[in-house]
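Each ligand, and each atom within it, is numbered from 1 in the order the structure gives.
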Amino acid sequence: MLTRRHLIAGLACGAALPIGIRSARAAAPFKQPPLPYAEDALAPTISGRTVNLHYGKHHASYFKTLNELVPGTRYADMTLEEVVKASRSSEADRKIFNNAGQAWNHIFYWEQFKPGGAKAPAGALKEAIERDFGSVDEFKTKMVAAAGGVFGSGWAWLSEDGGKLVLSGTPGGDSPFAGGKKTLLGVDVWEHAYYIDYENRRTEHVKAVLDNIVNWDVVAERMA
Ligand SMILES: [Fe+2]
């Protein structure tokens with residue numbers, strides 16, 4: 001379980017990265033960080049059964065595969081973040097990118113739901129959302145639409161580009177982070193993220209996530 005002491009110690013390290021991301025900075029073999037809460041902590045928005053499979057099987061498998069792929073490659077001594085960015089444009093290393101990207105994306109994902117914290121955007125984050133989307137409700141509507149527009153498996157993202165907040169969708173394990181953008185929030189829209197709880201109702205799931213389980217303090221920390 002993460003504590004405030006961990007948070008402060010993490011911040012003292014310098015980089016404005018969430019805790020889980022920092023804990024994954026060591027080079028291969030990469031270690032999946034612990035889930036920062038109990039498996040049923042996100043219920044009923046995301047059931048304990050979904051988290052059990054999503055974290056324990058899907059996320060874990062990206063680490064397992066990545067650790068099988070990187071020994072002996074130019075990625076062996078890189079941090080996870082470096083592997084994601086360095087492999088993104090290499091067609092030959094597509095499998096490494098997909099698994100490293102998914103390993104990183106899911107750390108980022110679990111971290112933003114840490115129980116506690118703000119239940120709605122506030123302060124500078126709220127102002128930036130209102131500036132670039134009109135209102136928090138309008139932002140949520142647009143993010144749900146972005147998530148609905150991702151064809152097949154992928155992610156919907158809130159990121160910052162040129163001082164402006166932007167929404168995007170990416171396929172597979174890609175992300176704005178992989179492309180060098182400051183990334184604030186990511187919603188997994190692979191079916192494994194929601195099918196047990198919402199069947200095919202992807203947008204209903206994304207709306208429930210945005211309304212109920214995002215820790216907006218984490219998002220604000222990422223923007224700061
Ligand atoms: Fe996932």
query = Salt bridge check: are Glu81 and Lys85 linked by an N-O gap of less than 4.0 Å?
reply = no

ask   = Ion pair present between Glu127 and Arg131, side-chain N to carboxylate O less than 4.0 angstrom?
value = no

request  = Report the residues that fulfil salt bridge (charged side-chain N to carboxylate O under 4.0 Å, His left out) with Asp174, sequence neighbours left out, ordered by chain and then residue number.
outcome  = Arg88

ask   = Sub-3.5 Å donor-acceptor pair from the side chain of Asn99 to the main-chain atoms of Lys95, do we have one?
value = yes

ask   = Judged by modelled atom types alone, do His58 and Trp190 share a side-chain donor-acceptor pair under 3.5 Å?
value = no

message = Please determine whether salt bridge (Lys or Arg N to Asp or Glu O under 4.0 Å) holds for the pair Lys207 and Glu204, giving the CA-CA distance in whole Å, both sets of side-chain angles, and the decisive distance to 0.1 Å.
response = CA-CA 5 Å; Lys207 183 172 184 342; Glu204 185 183 316; over 6 Å; no

query = What protein N/O/S atoms sit under 2.8 Å from the Fe ion (ligand 1), by chain and number?
reply = His54 NE2, His106 NE2, Asp188 OD2, His192 NE2

